[in-house]
**Student:** 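There's a structure below that I have some questions on.
If you're wondering where the values come from, they're calculated on a predicted model, not measured in any experiment. The sequence lines fix the lettering, A, B, ..., with proteins before strands; numbering per chain opens at 1.
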Amino acid sequence: MFQTVNRKIGFVLILFSIFFLVLCYQLPTFPFVIPVDADLVPKLLGFLLMFLSIVLFFSKDGDTEEQRKKRKIEKKELYVLLGVLFQLLVYILFFEFLGFLMMTTAFIISCSIFLGYKKWTTVIVTAVVFSVSIYLLFNYVLAVNLPSGILPF
Amino acid sequence: MGVFDGLLTGLQVAFSLQGILFVFIGVLLGTIIGMIPGLGPISAIAIMIPITYGMDPAIALLMMAGVYYGSMYGGSTSSILLNAPGVAGTVAASFDGYPMAQQGKAGKALAISAICSFIGGTVGVVLLMVFSPLLSKVAISFGPPEYFALMLLGLLAIASLSDGSVVKAFISATLGFIVVMIGIDAQTGTSRFTFGNINLLDGIDFLVIALGLFAIAEVAFLILFRKAGGLKDAKSIGTLKLTKDEAKEIAGPTTRQSFLGFFLGVLPGAGATISSFIAYITEKKLAKKPEDFGKGSLKGLAGPETANNAATTGAFVPLLSLGIPGSGTTAVMLGAFLVLGIQPGPLLVSEHPDVFWGVIASMYIGNIILLILNLPLIPYLARILLIPRPLLISLVLMFCFLGVYAVSFNIADLYLLLLFGILGYLMRIFAFPAAPFILAFILGGMMEQSLRQSLTISGGDLAIFYESPIALTIFIVSVLFLFVPVLKGIIKKGRNTTNLSA
Amino acid sequence: MKCTLMASICIAGFMLGACSSEAANSSSGEWEPAKTVELVAPSGAGGGWDTTARMVAKVIDEANLANKSFGVINKPGGGGAIGWADNYRRNDPHNIFVASPPLIFIHLNEQSKYGFKDFTPLANLIADYGAFAVRADAKWDNLQELFDDLKKDPTAATVIGTSTPGSMAHMQFVQFAMEAGVDVKNVRYITEQDGGAITSLLNGSVDVFSTSVSVAVDQARAGKIKILGVTSSDRLQGDFLSDIPTVKEQGYDAEFVNWRGVLGPPNMTDEQIHYYEKLFEKMLATEQFAEIQEQFGWNTMYLDSSEFTEFLEEQENDMDRLLKATGFKKE
C-alpha cells in the first residue's frame with residue numbers, strides 16, 4: 001500500500017486533515033448573528049487538503065533522481081544536523097538568562113568549530129565583533145533592548 | 001500654489017544642508033534596518049518619534065520617509081544573498097535573486113535590485129507629485145469586496161509558482177492558509193487552533209514563516225553540502241555590469257511594474273507585498289520563457305524589485321492627501337506627523353506646503369543617495385558569500401534568530417522558527433515548493449477577513465461581489481490570468497500541427 | 001487602627017533598613033529605583049500603548065524627574081497577554097507597564113489568565129473617549145436618529161471598528177445601542193485591523209465607525225465625517241471638540257472611558273507605590289507633557305493608586321455585566 005513516497009506523504013496528510021477537521025468542528029459558535037462564522041474557511045481548507053492528499057496518494061511518483069539524492073543522507077551527516085539543532089535548542093534555552101552577548105558569541109564559536117572550521121582566532125574575533133556590534137546597534141543606537149542576561153551592561 | 005512653485009519650495013527644503021543631511025541619515029538607517037530581518041520600518045519610525053519631537057517638522061518627516069523607502073532597498077539584500085527575506089515586500093525578490101547568487105551572479109543580482117529600486121522609486125515620486133490629488137479618489141475606492149477580489153488575484157499566482165507537481169503546490173498553499181488561521185479571529189474574537197497557548201493568540205508572525213521555510217531550511221542544505229565548497233573563488237560574485245541585452249531584458253518589467261506597483265501601493269492595505277507578488281506573476285505570464293522563472297531569471301528579479309519600491313512611494317498618496325494610513329508603517333508615520341503638529345490630509349498642501357513638497361522633493365534626493373550608497377557597497381556585501389561555510393552557517397542562524405527575537409521579544413517564537421525550519425527542510429526534500437506556502441500565508445489571512453467582512457455587510461448575499469464594478473473587473477482579470485496560458489497552449493499546438501501538416 | 005498599623009510597619013521597615021547596609025534607600029523610609037526602570041508596552045511599536053510609554057519615558061528622562069532612567073520595552077503578543085504574564089512572572093518593581101481597557105476585556109474574554117487584580121495599579125494618567133462617526137453626507141445627524149433606524153431594523157447600518165467583537169470598539173457601541181433598545185445581536189459589525197476602517201467608512205462600504213475621539217477628530221475637522229456623539233460624561237475642551245455633543249446629553253445615560261494608566265507587578269510595597277504615584281503626578285504637571293497631550297488629543301485623568309484600583313473594579317463589573325448580557329460570556 002505504501003510503496004511510493006507519494007503514498008506515504010499522502011497518507012500522513014490525510015491523517016492531518018482529519019485531525020484538523022476534528023478541531024474545526026469543535027470551534028464555538030459566535031453569539032451574535034453573522035453570515036459566515038469563524039469555522040467556515042478552516043473547514044473548507046480541511047476538506048480541500050483532504051481532497052488534495054487523496055489525489056497525491058493516487059498520483060504517480062514524480063520522484064527524480066535528484067530528489068532521491070537529496071533524501072539520502074549518511075548517518076554521520078544526520079548526526080551533524082541534529083548536533084546543530086541541539087546547539088540551537090541550548091541557545092534558546094539559556095538566551096534570556098545568560099543574555100544575547102554571551103550566548104551569541106558562544107554559539108558562533110561552538111557551531112563553527114563543530115562544523116569543522118579550524119581557525120580559532122578568526123572564529124573568536126568574528127563571533128565577538130558580530131555580537132558586540134549587533135548588541136551596541138540595537139541597545140544603544142536603536143533603543144531596542146536585547147536581553148543583557150547576567151552581564152551588567 | 002501650482003505644482004511647479006510647490007516643488008520649488010520643496011526643493012529648497014530638501015536641498016538645504018540640513019535637509020540633505022537628514023535625508024542621508026534616514027536612508028542610511030533605512031538601508032541598515034532593512035538588511036537586518038525583524039527590525040522593520042515600523043519599529044524604526046516608532047522609535048524615532050520621541051527623538052524627533054521638537055525638530056523642524058519638514059526635516060523630521062523627510063528623514064522618516066527616508067527610513068521607510070530606504071528599508072525596501074536594504075531588505076532585498078538578505079533575500080538575494082541568504083534567502084532570508086526580512087520584510088514581506090522582498091519575499092518575491094528571493095525567488096530569482098537567490099538562485100542568481102547561487103550561480104555566482106550575486107553582484108549582478110544586487111545591482112539589478114538597486115537599479116530597479118531606484119527606477120521604481122523615482123517613477124513613483126513623479127507619479128506621486130503629479131497625480132496625488134487625483135489618485136486620492138482611487139485610494140478610497142477599495143472596500144472589503146474589492147480587496148477580496150485583489151487577494152484572489154494574488155493567490156492565483158500559486159498556479160504559476162509551481163514548476164513541478166501542481167498538486168504539491170496546492171497542498172503547500174493549503175497548509176500555508178491553514179497556518180494563518182491560527183490565532184484570534186478578528187471578525188468574531190474566537191481563538192482558533194491555539195490550544196490555550198497565549199503565544200499563539202496573535203497568530204504566527206510572518207518572519208517566523210519566511211525565515212524558517214526559506215533561510216533555516218536552506219541552512220540545513222548548506223550544512224549537508226558544506227564540504228562542496230561552493231563559491232570559493234572571488235570571481236564568483238560576478239560582475240556588477242549589465243550587458244546591453246540584459247538591460248534590454250529588464251527594461252520591460254521595470255517600466256510596467258513602476259506604474260502597476262505604484263497604483264497598487266496607493267490602495268490602503270495592498271502595498272509592497274501584494275504588488276511584488278503581482279509583479280512576479282504578471283512578468284511570468286508575459287515572459288517568452290516563463291520556465292526560466294525561479295531559476296535565476298533577470299525579469300523575475302527586476303519585476304518585484306521595481307514594484308515594491310514604487311508601491312512604497314504610492315502608499316504616501318492616501319497618507320499625504322487624505323490623512324489615511326494604508327499600512328502599519330504609514331499608520332506610525334501618521335502618528336509621527338501628528339506629534340510634530342502636522343495634520344496630513346486635504347489641507348496639507350495649502351497649510352504646510354514646505355512639508356508636503358519637502359517630503360516629495362526629498363524622495364528624489366533620497367533615491368539618488370540610495371543608489372550611490374548601495375552600488376559601491378555591493379562588492380562588499382556580496383563578499384558575505386565568500387565567508388567559509390561553517391562560519392557563514394553559524395552567522396546566518398544567529399541572524400535569523402535575532403530577526404525573529406527583535407520582532408516579538410519572545411522565546412516561544414524561536415522554537416516556532418526551528419519548527420518551521422524543519423518543516424521547510426522536509427518540504428524541500430520531498431519537492432513541495434515553499435513559495436505557495438508563504439504566498440497563501442500572506443494573502444490568505446487578508447482574503448478570509450475581506451470575504452467575511454463583505455458577507456457581513458451584505459447579510460450573506462453573494463451579489464456584493466459582482467455588483468461592484470471594480471471587484472468584477474478584477475475577477476475577470478483573474479479568470480483571464482488562469483485561461484490565457486491554456487488558450488495560448490492550444491493555439492500554439494494548433495499552429496504546430498498545421499505546420500507539420502503543411 | 002489602620003494608621004497605627006501602617007505606622008508600625010513603617011517603623012519596622014525603618015529599623016530593618018537601618019540595619020542593612022543600603023543606606024541610600026533606608027534613610028527616609030522611602031523607595032527609589034536601584035536601576036533603570038523598564039516601562040513596558042505590551043504591544044508592538046507604534047500603537048497607543050507604545051506611544052504613551054515612549055512619551056512618558058521621554059518626559060521623565062528629559063525633565064529629570066527620576067534618579068534612574070526610564071527605558072521602553074515592547075512585549076507584544078496575545079493582545080497584551082504575553083506582556084502581562086511576563087510582568088507577573090518577573091515580579092520586579094523596576095518593571096511596570098502601560099495599560100488601557102483591553103486589560104479588562106481580554107481577561108474577561110478569558111484570553112489572558114491575568115487581570116488587573118493580579119497587578120498593582122499605580123496611577124491612571126490620561127483618558128481618551130469613544131466616538132461614533134458617520135460620513136459627512138449620511139442621513140443621520142444625531143445618535144437618536146441612528147438608533148431609531150436600528151431599532152426598526154438592526155441591519156439598517158453596518159458598524160466598523162478596529163477591535164474584535166467583545167472587545168473595546170465593539171462593546172462601546174453595544175453598550176449605548178442596548179441602552180437605546182436596539183437588538184444588538186443582529187447589528188452588523190465588522191472588524192478592520194489593517195487601517196482600512198476610515199477608507200471603508202468614506203467609500204460607503206460601512207455606515208458607522210466606532211472609534212476613539214483622537215482617531216476621528218481630524219477627519220471630522222476636515223469635513224469628511226461627522227461625529228454623532230462622544231462617550232465622555234461632559235463635553236470635551238477645545239475649539240472644535242466642544243461643539244461635539246456627548247452621548248449622555250442625547251439621552252443615553254452611560255459613558256465609556258478609554259483610560260490609560262500604569263500598573264506594576266503584584267505585591268508592591270507602599271513605598272514603591274507612593275514613589276510611582278508621585279512621579280507620574282509630577283510628570284503630568286510638566287509643560288512638556290501638556291504639549292504632547294494637546295498634539296494627541298489626550299485628556300488628563302490622574303488617579304492615584306487607590307482611586308485607580310477602585311475605578312478599575314467598577315469598570316470590570318460594568319463590562320462583565322455587559323458581556324454577560326450580550327452572551328459573550330456565560331453567566
**Student:** Tell me, out of C:Val206, C:Asp207, C:Thr164, who's got the most heavy-atom pairs with chain B below 4.5 Å.
**Tutor:** C:Thr164
**Student:** Taking the six-membered ring for Trp and the full ring for Phe, Tyr or His, determine whether the centres of B:Phe465 and B:Phe148 are under 6.0 Å apart.
**Tutor:** yes
**Student:** Is it true that C:Glu38 and C:Lys75 make a salt bridge, defined as a side-chain N closer than 4.0 Å to a carboxylate O?
**Tutor:** no
**Student:** Under a 4.5 Å cutoff for heavy-atom pairs, which residue among C:Pro76, C:Gly204, C:Ser112, C:Pro165 has the most contacts with chain B?
**Tutor:** C:Pro165
**Student:** Tell me, side chain or backbone of B:Asp185 under 4.5 Å from chain C's heavy atoms, or both, or neither?
**Tutor:** backbone
**Student:** Is the centre of the C:Phe105 ring less than 6.0 Å from the centre of the C:His170 ring?
**Tutor:** no
**Student:** Heavy-atom count around C:Lys58 NZ within 6.0 Å, excluding the residue itself: above 12?
**Tutor:** yes
**Student:** With rounding to the nearest 0.5 Å, note down the distance linking OH in C:Tyr189 to OG1 in B:Thr456.
**Tutor:** 11.5 Å
**Student:** Identify which part of C:Thr158 has an atom lying under 4.5 Å from any heavy atom of chain B, answering side chain, backbone, both or neither.
**Tutor:** side chain
**Student:** Is C:Thr155 close to chain B through its backbone or its side chain, or both, or neither, when contacts mean heavy atoms under 4.5 Å?
**Tutor:** neither
**Student:** Is chain B contacted by the side chain of C:Lys113, its backbone, both, or neither, given a heavy-atom distance below 4.5 Å?
**Tutor:** neither
**Student:** Which atoms of C:Glu294 come close to chain B, meaning under 4.5 Å heavy atom to heavy atom: side chain ones, backbone ones, both, or neither?
**Tutor:** neither
**Student:** Is the shortest distance from a Lys or Arg side-chain nitrogen in B:Glu351 or C:Arg221 to a carboxylate oxygen in the other one below 4.0 Å?
**Tutor:** no
**Student:** Using heavy-atom distances under 4.5 Å, tell me whether B:Leu322 contacts chain C through its side chain, its backbone, both, or neither.
**Tutor:** both
**Student:** Out of B:Ile45, B:Thr194, B:Thr190, B:Ile457, return the one with the most heavy atom pairs under 4.5 angstrom to chain C.
**Tutor:** B:Ile457
**Student:** Picking from C:Arg188, C:Glu110, C:Gln219, which has the most non-hydrogen pairs under 4.5 angstrom with chain B?
**Tutor:** C:Arg188
**Student:** Could you label the plane-to-plane angle of the C:Tyr88 and C:Phe119 rings as parallel, tilted or perpendicular, counting under 30° as parallel and over 60° as perpendicular?
**Tutor:** perpendicular
**Student:** For C:Glu62, is it the side chain, the backbone, both, or neither that has a heavy atom closer than 4.5 Å to a heavy atom of chain B?
**Tutor:** neither
**Student:** Using modelled atom types and a 3.5 Å cut-off, is there a donor and acceptor pairing between side-chain atoms of C:Thr191 and backbone atoms of B:Ala186?
**Tutor:** yes
**Student:** Hey, which of B:Ala336, B:Ser458, B:Ser468, B:Gly183 has the most heavy atom pairs under 4.5 Å with chain C?
**Tutor:** B:Ser458
**Student:** When the ring planes of C:Phe280 and C:Phe70 are compared, do they come out parallel, tilted or perpendicular, using 30° and 60° as the limits?
**Tutor:** perpendicular
**Student:** Measuring heavy-atom distances to chain C, does B:Ser141 have an atom under 4.5 Å in its side chain, in its backbone, in both, or in neither?
**Tutor:** backbone
**Student:** Hydrogens and angles aside, do C:Ser214 and C:Trp298 bring a side-chain donor and acceptor to less than 3.5 Å of each other?
**Tutor:** no
**Student:** Does any heavy atom of chain B fall under 4.5 Å from the side chain of C:Ala85, the backbone, both, or neither of them?
**Tutor:** side chain
**Student:** Picking from C:Ile73, C:Asp218, C:Val59, C:Ile292, which has the most non-hydrogen pairs under 4.5 angstrom with chain B?
**Tutor:** C:Asp218
**Student:** Of the backbone (N, CA, C, O) and the side chain (C-beta and beyond), which part of C:Gln111 lies under 4.5 Å from a heavy atom of chain B, both, or neither?
**Tutor:** both
**Student:** Just by modelled atom types, is the C:Ala169 backbone N or O under 3.5 Å from a matching donor or acceptor in the C:Ser163 side chain?
**Tutor:** yes
**Student:** With a 4.5 angstrom heavy-atom cut-off, could you sort out which part of B:Gln187 is near chain C: side chain, backbone, both or neither?
**Tutor:** both
